[in-house]
2 protein chains.
Amino acid sequence: MPEHGPPPIFDLLNEIGIISQLSRAAMEARTPEGVVLPHFSVLNHLVRLGDGRTPLQIARAFQMPKNSLTHTLSGLEARGWIEMRPNPEDKRSKLVFLTDAGRAFRDDTIQSLAQDFQAIVPEIEPGEVEVVLPFLKKLRALLDQRRD
Amino acid sequence: MPEHGPPPIFDLLNEIGIISQLSRAAMEARTPEGVVLPHFSVLNHLVRLGDGRTPLQIARAFQMPKNSLTHTLSGLEARGWIEMRPNPEDKRSKLVFLTDAGRAFRDDTIQSLAQDFQAIVPEIEPGEVEVVLPFLKKLRALLDQRRD
DNA sequence: ACTATATAGTTCTACGTCGAACTTAATCAA
DNA sequence: TTGATTAAGTTCGACGTAGAACTATATAGT
């Protein structure tokens with residue numbers, strides 16, 4: 001008598017939502033007052049993929065509305081972690097560059113978090129990551145293309 | 001030149017954060033004005049695990065501060081989807097019960113979402129879920145116990 | 001029984017987030 | 001070139017979220 005509950009994707013998304021909450025809290029506990037996960041995420045993004053990007057490119061990478069990113073960038077700029085320069089190729093646009101202080105803060109945060117996650121890292125086996133991470137990327141891509 | 005990046009858990013959490021955002025947006029697009037993911041999550045929780053629980057129990061299940069849950073419950077109550085009754089065993093406390101309208105809304109939402117996720121569900125293989133879901137539960141448990 | 005402490009839930013306040021409207025510049029059409 | 005449309009970024013307003021303080025009740029210690 002299959003009161004066939006919701007498909008497993010609901011369980012997955014439910015769990016993902018809670019983990020997202022918890023990891024954000026964990027991250028923000030290690031970070032100066034008013035510095036929030038998106039701040040770190042943007043810095044990390046710029047380090048890994050290179051700076052000199054436009055705000056819109058960054059916003060799209062995080063599936064985040066551009067007005068939200070404006071707010072995040074203004075916080076980063078106020079702390080001297082990024083610089084906004086005009087985009088020579090498009091006067092409407094800007095380019096975002098990391099400062100040395102920005103790189104330093106990003107590195108320090110990773111250090112601090114890695115230390116904080118020391119107890120967790122060993123519990124994660126490479127084999128699991130090999131399955132889970134691609135799966136998550138697939139799921140993200142599916143959700144992304146689903147919104148017309 | 002090993003600028004050895006952050007450990008894989010950072011990638012995992014990053015991906016999880018974005019998926020959480022996307023799935024929330026997808027869910028709220030299918031839902032009446034002002035009805036937000038936690039509303040549905042709480043209803044779903046009560047259906048699956050049974051109602052007659054206290055707000056605090058629910059808040060803990062979602063790793064959510066109790067004051068946030070107060071807000072969510074008041075929204076559910078205002079829409080007639082739950083009832084709050086006094087807890088006979090503890091006069092400080094209350095018990096949360098589903099109404100018929102609440103169950104109906106939950107079922108309808110699942111229907112609508114399942115339809116919406118039709119394109120995604122087939123892409124998810126049972127074998128993947130068997131690995132990913134337990135992994136996520138483990139990760140959640142680790143993150144949870146990590147906050148002292 | 002009495003006091004101190006802990007717990008359930010709410011209120012107050014601050015803030016991150018996001019849709020909508022706006023400004024300015026680029027692109028496209030004729 | 002001119003006018004219309006699209007794109008980049010900001011501003012404004014509404015709202016969900018969460019820390020801190022508060023009220024009321026329960027529990028523990030003596």
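Chain naming here is simple, since letters A, B, ... match the order of the sequence lines and numbering starts at 1 in each.
Distances were taken from every side-chain heavy atom of B/His71 (C-beta onward) to each of C/dC18, C/dG16, D/dG16; the shortest belongs to D/dG16. Side-chain atoms of B/Ser68 lie closest to D/dT17 of the nucleotides D/dT10, D/dA8, D/dT17. Distance from the side chain of A/Pro65 is smallest for C/dC18 among the nucleotides C/dT10, D/dG9, C/dC18. For B/Arg24, the listed nucleotide lying nearest its side chain is D/dG16; candidates were C/dG9, D/dG9, D/dG16. Proximity note for B/Ser93 (side chain, C-beta onward) versus D/dA8, C/dA8, C/dT10: the nearest is C/dA8. Residue B/Thr70 places its side chain closer to C/dT11 than to any other of C/dT11, D/dA8, C/dG16.
With hydrogens and angles disregarded, no donor-acceptor distance shorter than 3.5 Å links the side chain of B/His71 to the backbone of B/Ser68. Formation of a donor-acceptor pair under 3.5 Å by the A/Ser23 side chain with backbone atoms of A/Ile19 is found in this model. In this structure a side-chain-to-backbone donor-acceptor pair under 3.5 Å is present from A/Glu28 to A/Leu37.
Following rounding to the nearest Å, A/Asn67 (CG) and D/dC12 (P) show an atom-to-atom distance of 13 Å. The CZ atom of B/Arg53 sits 17 Å away from the C1' atom of C/dA8 (whole-angstrom rounding). Counting to the nearest Å, the P atom of C/dA8 and the CG atom of B/Leu73 are 15 Å from each other. In this entry the distance linking CE of B/Met64 with P of C/dA8 reads 17 Å, nearest Å. If you take CG of A/Leu76 and C1' of C/dG16, they are 14 Å apart, rounded to a whole angstrom. Atom pair B/Gln63:CD and D/dT17:P shows a separation of 15 Å (rounding to whole Å applied). For the pair B/Glu33 CD and D/dA14 C1', the interatomic distance rounds to 11 Å; values are reported in whole Å.
Each of B/Lys66 and A/Val35 was matched to the nucleotide of DNA chain C holding its nearest heavy atom; the match closer to the 5' end belongs to B/Lys66. Nearer to the 5' terminus of DNA chain D, by closest-nucleotide assignment, is the contact made by A/Met84 (compared with the other of B/His39 and A/Met84).
Taking only side-chain nitrogens and oxygens, B/Gln57 never comes nearer than 4.0 Å to OP1 or OP2 of C/dA8. Remark: B/Thr54 is not in phosphate contact with C/dA8, judged by side-chain N or O atoms under 4.0 Å from OP1 or OP2.
No hydrogens or angles were tested; on distance alone, nothing pairs the side chain of B/Arg92 with the base of D/dA26 as donor and acceptor under 3.5 Å. Remark: the B/Lys94 side chain and the C/dG9 base include no donor-acceptor N/O pair separated by less than 3.5 Å.
B/Gln21 comes within 4.0 angstrom of the backbone, heavy atoms only, and of no base. Here B/Lys91 lies in heavy-atom contact (under 4.0 Å) with sugar-phosphate atoms only. Here B/Asn87 lies out of heavy-atom contact (under 4.0 Å) with every strand.
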Worked verdict on B/Phe10 versus A/Leu113 for side-chain contact (heavy atoms from CB on, under 4.5 Å): CA-CA 9 Å; B/Phe10 283 88; A/Leu113 283 174; 3.5 Å; yes
May I have the step-by-step check of salt bridge (Lys or Arg N to Asp or Glu O under 4.0 Å) for B/Asp11 and A/Lys137, ending in yes or no? CA-CA 10 Å; B/Asp11 291 318; A/Lys137 286 186 189 292; over 6 Å; no
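B/Trp81 and B/Phe105 have parallel rings, their planes meeting at less than 30° on a 0 to 90° scale where 60° marks the start of perpendicular.
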